[in-house]
K.L.:
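Sharing a structure with you now.
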Amino acid sequence: MLTAIDLRHKLHQSPEIAFNEYATQKILIDALEKLDIKYEKVAKTGIIAIIEREKTRPSVLYRADMDALPIKEETGWEFASKNEGYMHACGHDIHMSVMYGVIKKIVEENIPGNYVFIFQPAEETIGGAKYILDEMREKYKVKYATALHVTDEYKLGEFATTDGTLFACAMEITAKFKGLSAHIAQKEKGIDAIKKAVEFLTEFYNNPIDNSTPGSRVLAGFGKMFGGNVRNAVADFAQIEGSIRGETLDIVLDNFAKLHKLAELFGGTLEKGSLYPPVVNNRELLDLFKDYVEEKRFSFIDCGMKYTGEDFGFFTMKYPSLMFWAGVRTRDKIIGLHNPRFLPDDNVISHLVDFMVEWLIRLQVN
């Protein structure tokens, strides 16, 4: 039977991106079957594992994300990625391994309670949480939902979260501009789509929508731009891709409307992409979590709202929920998430397994 660390090694070597986590799913199913618990496949490559001790009582839901990133690993680790160009650079290998360790401990120690464990695909780009919930519907009676996210921003033993919105609502946006191609020697006969895009961006940068006022917090930015087909012809199209992040869905939608009008002013259009609702923590659970952390003599940090996008927001819309950062830094240097050298130590896993088992027990009895 695999240990949680053994599982981490297997998962880290087999990173897969959104809705392609087939090998990941198989590794997890093989491990779960040895624990002899109920499970079902969900949302194509996801898994729901169930421990039900008392049929009349509601369950606590615990979620771990499965997908990796299109990043070439640079850790030099003996268990580094074998899938060239992909890596668990956001710690999802730790998330899955910790949850497996929690399941294993609950089974082996016959810990009471009802639990719904969700191994969720496609957190990074597509919002797999929505697909999970669409398939779950009301199949399971869930009392609370919880999740952690590792980060080396905080040291091992530090846990950070906040009241209300922890992670902002995130909407991908794409601005598109059409032109008319003409040879550069006769550029007056063309309509320059790149020029339109640049004019739009100039106005955007000169008058940013960013607002840091609590209750109205929002920011927007563009990180990718391309246009045209050849260097010696006026571009007949240009495209700019970015994101809006806001404290609430309404704030994001209001600012999308503003940027849509701005794009139209310069002859373009603005399209919506994937949308993640904000991750909103339940106040009662936050107080319970803070008391638990401090009772265990760990460090509780109120980190305030982050502009990070996280599809656990779909769960917080449906259930009273709590998500938090779990510090995993064991050295002085911070590497950071989505970095090709991000690699928490194996020893953080047992620490987080013990922490999460007791946290889930407290959610059961609360």
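Not measured: the values here are computed from a predicted model. Start at 1 with the first residue, then count along the sequence.
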K.L.:
Gln25: what forms a side-chain hydrogen bond (donor to acceptor under 3.5 Å, both in side chains) with it, not counting sequence neighbours?
P.N.:
none

K.L.:
So how far is it from Ile209 CD1 to Ile244 CD1, rounded to the nearest 0.5 Å?
P.N.:
5.0 Å

K.L.:
Do the charged groups of Arg283 and Asp287 touch, with an N to O distance under 4.0 Å?
P.N.:
yes

K.L.:
In plain terms, say whether Asp192 and Lys187 are close enough for a salt bridge, that is, a side-chain N and a carboxylate O under 4.0 Å apart.
P.N.:
no

K.L.:
So, taking the atom named CG in Leu288 and the one named OH in Tyr292, what distance separates them when rounded to the nearest 0.5 Å?
P.N.:
10.0 Å

K.L.:
Is Arg217 salt-bridged to Asp210, going by a charged N under 4.0 Å from an acidic O?
P.N.:
no

K.L.:
Residues two or more places apart in sequence or in another chain: which of them pass salt bridge (Lys or Arg N to Asp or Glu O under 4.0 Å) with Lys318?
P.N.:
Glu138

K.L.:
Is there a donor-acceptor contact under 3.5 Å linking the side chains of Asp345 and Thr330?
P.N.:
yes

K.L.:
Between Lys105 and Asp354, does the salt bridge (charged side-chain N to carboxylate O under 4.0 Å, His left out) criterion hold? Intermediate values first, please.
P.N.:
CA-CA 9 Å; Lys105 188 168 184 175; Asp354 291 342; 2.8 Å; yes

K.L.:
Hey, what do you get for CG (Leu166) to CG (Leu322), rounding to the nearest 0.5 Å?
P.N.:
8.0 Å

K.L.:
Determine, for Glu295 against Arg362, whether the closest basic-nitrogen to carboxylate-oxygen distance falls under 4.0 angstrom.
P.N.:
yes

K.L.:
Under 3.5 Å, is there a donor-acceptor pair linking the side chains of Asn211 and Ser216?
P.N.:
no

K.L.:
Just checking, any donor-acceptor pair under 3.5 angstrom between side chains of Glu54 and Thr56?
P.N.:
no

K.L.:
For Glu109, what residues pass the salt bridge (Lys or Arg N to Asp or Glu O under 4.0 Å) criterion, not counting sequence neighbours?
P.N.:
none

K.L.:
Give a yes or no on whether a salt bridge exists between Glu153 and Lys306, defined as a side-chain N under 4.0 angstrom from a carboxylate O.
P.N.:
yes

K.L.:
Distance from Ile94 atom CD1 to Leu352 atom CG, nearest 0.5 Å?
P.N.:
8.0 Å

K.L.:
Determine, stepwise, if the pair Val102 / Lys104 fulfils side chain to side chain contact (heavy atoms under 4.5 Å, CB included).
P.N.:
CA-CA 5 Å; Val102 169; Lys104 187 170 182 286; over 6 Å; no

K.L.:
Which pairs, with at least one residue in residues 16-55 and sequence neighbours excluded, count as a ring-ring contact (aromatic ring centres under 6.0 Å, His included)?
P.N.:
Phe19-Tyr131

K.L.:
Look at the side-chain heavy atoms of Ile, Leu, Val, Met, Phe, Trp and Tyr, link any pair under 4.5 Å apart, and say whether Leu337 and Ile71 land in one connected group.
P.N.:
no

K.L.:
Do Glu247 and Thr165 have a side chain donor and acceptor closer than 3.5 Å?
P.N.:
no

K.L.:
Can you check side-chain hydrogen bond (donor to acceptor under 3.5 Å, both in side chains) on Asp302 and Thr162, steps first, answer last?
P.N.:
CA-CA 5 Å; Asp302 189 336; Thr162 198; 2.7 Å; yes

K.L.:
Only counting residues at least two apart or in another chain, list the ones meeting ring pair (Phe, Tyr, Trp, His ring centres under 6.0 Å) with Tyr100.
P.N.:
none

K.L.:
Any donor-acceptor pair under 3.5 Å linking the side-chain atoms of Gln239 with those of Glu241?
P.N.:
yes

K.L.:
Please test His92 against Met66 for side chain to side chain contact (heavy atoms under 4.5 Å, CB included), starting from the C-alpha separation and ending with a verdict.
P.N.:
CA-CA 6 Å; His92 295 185; Met66 300 168 65; over 6 Å; no

K.L.:
Answer yes when Asp30 and Lys34 have at least one side-chain N-carboxylate O distance shorter than 4.0 Å, and no when they do not.
P.N.:
no

K.L.:
When you group the ILVMFWY residues by side-chain heavy-atom contacts below 4.5 Å and let the links chain together, are Phe314 and Leu253 in the same group?
P.N.:
no

K.L.:
Without hydrogens or angle criteria, can the side chains of Asn366 and Tyr144 be said to hold a donor-acceptor pair below 3.5 Å?
P.N.:
yes

K.L.:
Cation over ring, Lys272 on Phe256, under 6.0 Å and within 45°?
P.N.:
yes

K.L.:
Can you name the side-chain hydrogen bond (donor to acceptor under 3.5 Å, both in side chains) partners of Lys195, sequence neighbours left out?
P.N.:
Glu199

K.L.:
Excluding sequence neighbours, so at least two apart, what forms side-chain hydrogen bond (donor to acceptor under 3.5 Å, both in side chains) with Asp6?
P.N.:
Thr3

K.L.:
Phe200: what forms a ring pair (Phe, Tyr, Trp, His ring centres under 6.0 Å) with it, not counting sequence neighbours?
P.N.:
Phe177, Phe222

K.L.:
Between Phe298 and Phe159, is the ring pair (Phe, Tyr, Trp, His ring centres under 6.0 Å) condition met? List the steps.
P.N.:
CA-CA 8 Å; Phe298 294 129; Phe159 297 89; 5.7 Å; yes

K.L.:
Determine the interplanar angle of the Phe167 and Trp325 rings, folded into 0 to 90°, and report it as parallel if under 30°, tilted if 30 to 60°, perpendicular if over 60°.
P.N.:
perpendicular

K.L.:
For the residue pair Glu73 and His12, confirm or rule out a side-chain donor-acceptor distance under 3.5 Å.
P.N.:
yes

K.L.:
With rounding to the nearest 0.5 Å, note down the distance linking NZ in Lys10 to CD1 in Ile27.
P.N.:
6.5 Å

K.L.:
Take Val280 and Thr248 through the side chain to side chain contact (heavy atoms under 4.5 Å, CB included) test and state the conclusion after the steps.
P.N.:
CA-CA 9 Å; Val280 181; Thr248 67; over 6 Å; no

K.L.:
The test is side chain to side chain contact (heavy atoms under 4.5 Å, CB included); show your working for Arg57 and Lys141 and say whether it passes.
P.N.:
CA-CA 8 Å; Arg57 293 183 58 191; Lys141 186 178 180 183; over 6 Å; no

K.L.:
I need the minimum non-hydrogen distance between His95 and Asp65, along with the two atoms involved.
P.N.:
ND1-OD1, 2.6 Å

K.L.:
Would you kindly say whether Thr45 and Glu21 are connected by a side-chain donor-acceptor distance under 3.5 Å?
P.N.:
yes

K.L.:
Looking only at heavy atoms, what is the nearest atom pair of Gly246 and Ala168, with distance?
P.N.:
O-CB, 3.2 Å

K.L.:
Got a salt bridge between Glu294 and Arg297, using NZ or NE/NH1/NH2 to carboxylate O under 4.0 Å?
P.N.:
no

K.L.:
Can you measure from CZ (Phe289) to CE (Met323) and round to the nearest 0.5 angstrom?
P.N.:
11.5 Å

K.L.:
Indicate, with yes or no, if Leu201 and Ile191 share a hydrophobic cluster defined by side-chain heavy-atom contacts under 4.5 Å among Ile, Leu, Val, Met, Phe, Trp and Tyr.
P.N.:
no

K.L.:
Among Ile111, Leu61, Val60, find the residue that satisfies the side-chain contact (heavy atoms from CB on, under 4.5 Å) test when tested with Leu360.
P.N.:
Val60

K.L.:
Tell me, please, which residues at least two apart from His88 pass ring pair (Phe, Tyr, Trp, His ring centres under 6.0 Å).
P.N.:
none

K.L.:
Could you pull out all residues at least two apart from His9 that satisfy ring pair (Phe, Tyr, Trp, His ring centres under 6.0 Å)?
P.N.:
Trp77, Phe79

K.L.:
How would you list, by chain and number, every residue that makes a side-chain hydrogen bond (donor to acceptor under 3.5 Å, both in side chains) with Gln120, sequence neighbours excluded?
P.N.:
Arg63, Asp311

K.L.:
Which residues pass the salt bridge (Lys or Arg N to Asp or Glu O under 4.0 Å) test with Glu40, sequence neighbours left out?
P.N.:
Lys139

